[in-house]
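To find a chain, count down the sequence lines: A is the first, B the second, and so on, and within it residues start at 1.
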Protein chains: 2
Amino acid sequence: MSDDRRVGLADGPQAVVGLTAVIVSVDGTTPRVLTVGTDGGEALPSGDLAGDRDRTLEAAVRRLVGEQLGLPVRYFEQLYTFGDQARVPGGRALAVAYLALARHQPVSGPGRPHWRDWYELFPWEDWRRGRPGVLDQVVVPALGAWLAACPAEELATRTERAELTFGTGNARWDPMRVLDRYELLYELALLEEAGRRRPLVGALGHQLALDHRRIAAAALERLRGKLAYRPVVFEVLPETFTLSTLQQVVEAFAGQVLHKQNFRRLVAGANLVEPTGGVDQRTGGRPAELYRFRREVLRERPAPGMGLRRLGGP
Amino acid sequence: MSDDRRVGLADGPQAVVGLTAVIVSVDGTTPRVLTVGTDGGEALPSGDLAGDRDRTLEAAVRRLVGEQLGLPVRYFEQLYTFGDQARVPGGRALAVAYLALARHQPVSGPGRPHWRDWYELFPWEDWRRGRPGVLDQVVVPALGAWLAACPAEELATRTERAELTFGTGNARWDPMRVLDRYELLYELALLEEAGRRRPLVGALGHQLALDHRRIAAAALERLRGKLAYRPVVFEVLPETFTLSTLQQVVEAFAGQVLHKQNFRRLVAGANLVEPTGGVDQRTGGRPAELYRFRREVLRERPAPGMGLRRLGGP
DNA sequence: GACCATATGCTCAATCAGAGTATAAGGGGT
DNA sequence: ACCCCTTATACTCTGATTGAGCATATGGTC
């Protein structure tokens, strides 16, 4: 136990502290997360907290991303600090994870950076083309087995958890429950993850090193939550864009399609964007007006966002 | 820069990692936060992350709180990781902060624990008895001076920031902007805080050691946000309670009064509580029915909360 | 028994989300 | 030139939700 009267710099045990960035962008209608190749497999960009070089943690992440990737990142937000014993073999290592948003652009470098399709990591999260097949093919049967092999006194609890997490039974799919789903799938042994005793056949989604896919899941959940009440989408969009593009990007992150007319009304009503006067002719139909983000709203309004009430779909 | 190909336990520089708990309760209509006396002044309960003893960070905080205070805490949630260089004299020290909720009960121990009235730390945040006096007596004049002593090209930005943060001018007071307000007051040199060059006269609110009042501000903001969409209030309430008590507790955290009839309708409609059959006679008027929290909703509903849309007042 | 205080129940209007229908403005084929 | 297809944009309708006020119930106190 440490001395609870002392306040100030501790001289007690120290821990390894790393920084991890979940850098998100959008390429057309594909949400992307930046990964780098490592000896231990594909991973999120990470590095150690370098002593006293940076005044703040965010500055340290900015420098890390800048030096490793040279990618201009437009938004940083601290996500969570992961510190489970087992997350890294060999002892406790903390990872302070940051969510970062960037415009899509090619990246290259010694770390073999790659813009990974987000839904390769979480195929069950993309409902834009209807209910993902893996749910009925893999998840629902596995949930059934999990419930069947369950002590009777726990059955009600487990059933409830399964229904809520995956929107089976009476419950509806909640786009926000990304982490819950990830963790339940992990329990169901459907994820091939580092540290697992033996390899899985037919594991779901693309694996990342260590607990990095879990970190990415936390980032997706946070991002989906933020969409509704902060204008963060614009950080991945170019300077000017059409309302359709804006909607497609929101849909890409939300993993579901939105009602087009209402989306327009919402965006217009929120005064988040203003027309530039230009048009985009490449639509294949009537040309679309180009808009730009009214960056003033960042200072104007208390909590402007896309107003997507609970990310409601069509 | 660290080797970006390595994944696993780092052997690079290590950092001091501490844990800090913001333990919240309610005593009648007074929101409380638990502080301990230290050589450096009044502080939040803190300790070092003790090597490999705990499997998770939350377990470590639980143990820390248990051993230091012996207080039964009913809810833990990771808040933020603070790691500014300057937060602790002598070099970088990380603090992983947790928000904790407990039922109010006396505490004692070697650390001189004390249930501090939350609004002693942030007197400007309590609007339950109308607009706090300090705003017009101290803050608004200071904002005026800050704007007057401002380079012309920055005036518009500063004015906007001031209006938004403190709800002056056209903007309305936003209960959620706790951290923004804290930081602006700090910039205005209205807070007597550790690390400040010279003591202030007439500083606002009760000071805590290091950056602990800032951590508490982050906790209040988080808690106010959570109220609206997760049933966390019940963790500070006794097993049974009246709807008035429930409302008073929500009002205590929100720092503003709520419309009574709508509050009732809301709580009833959300199915968050069920009547016990008992009544509380000590009301001074018609006896109030006693309710209990339907703990099942934690598993039933995706995002149940008090439904306070943007914490709307009367 | 009048009066006060608090709890509880109901109504009403304004607003907003969800969904449908209609019109505008391009391009490509015949 | 015309029709048709595609996408963009505009308007309407309906039900749900919110903010606010009014009315009633049930206890205690003077």
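If you measure from atom CG of B:Leu290 to atom P of C:dT8, you get 9 Å, rounded to the nearest angstrom. Distance, B:Phe241 CZ to C:dA7 C1': 16 Å, rounded to whole Å. In this structure, the CG atom of B:Asp280 is 11 Å from the C1' atom of C:dT6, given to the nearest Å. Between the CD atom of A:Gln247 and the P atom of D:dT7 there is a distance of 13 Å, given to the nearest Å. As rounded to whole Å, 16 Å separates atom P of C:dT8 from atom CG of B:Leu266. The distance between atom CZ of B:Arg264 and atom P of D:dT17, rounded to the nearest whole Å, is 20 Å. One can place CZ of B:Phe263 at 17 Å from P of C:dT6, the figure rounded to the nearest angstrom. Atom CG of B:Leu258 and atom C1' of D:dT18 are 13 Å apart (whole Å).
Comparing C:dT8, D:dA8, C:dG26 by their closest approach to the side chain of A:Gln281 singles out C:dG26.
Looking only at atom types and distance, the side chain of A:Arg32 has no donor-acceptor partner in the side chain of A:His104 under 3.5 Å away.
Listed by chain and number, the residues in a side chain to side chain donor-acceptor pair (under 3.5 Å) with A:Tyr291 amount to none (sequence neighbours excluded).
No more than 12 heavy atoms of other residues, nucleotides or ligands shown are found within 6.0 angstrom of CD on B:Glu239.
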Between side-chain atoms of residues 241-249 of chain B and protein atoms elsewhere (two or more places apart, or another chain), which donor-acceptor pairs fall under 3.5 Å?
| unit_1 | atom_1 | unit_2 | atom_2 | d |
| --- | --- | --- | --- | --- |
| B:Thr242 | OG1 | B:Ser244 | N | 3.4 |
| B:Thr242 | OG1 | B:Thr245 | N | 3.0 |
| B:Thr242 | OG1 | B:Thr245 | OG1 | 2.8 |
| B:Gln247 | NE2 | B:Glu251 | OE2 | 3.1 |
| B:Gln247 | NE2 | B:Leu258 | O | 3.0 |

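For A:Lys260 and D:dT9, the shortest distance from a side-chain N or O to OP1 or OP2 is not below 4.0 Å.
A cation-pi arrangement is absent between B:Arg131 and B:Trp124, since the terminal nitrogen or guanidinium carbon is not both under 6.0 Å from the aromatic centre and inside a 45° cone about the axis.
Using the six-membered ring where Trp is involved, B:Tyr98 and B:Phe76 have ring planes that are perpendicular, over 60° apart on the 30 and 60° scheme. Aromatic ring orientation, A:Phe122 versus A:Trp118: tilted (interplanar angle from 30° to 60°).
Comparing A:Thr242 and B:Asn262, the nucleotide of DNA chain D nearest to each residue sits closer to the 5' end for A:Thr242.
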Which pairs, protein N/O on one side and nucleotides 21-25 of chain C N/O on the other, fall under 3.5 Å?
| unit_1 | atom_1 | unit_2 | atom_2 | d |
| --- | --- | --- | --- | --- |
| C:dT21 | O4 | A:Gln261 | NE2 | 2.8 |
| C:dA24 | O4' | A:Arg286 | NH1 | 3.4 |
| C:dA24 | N3 | A:Arg286 | NH1 | 3.2 |

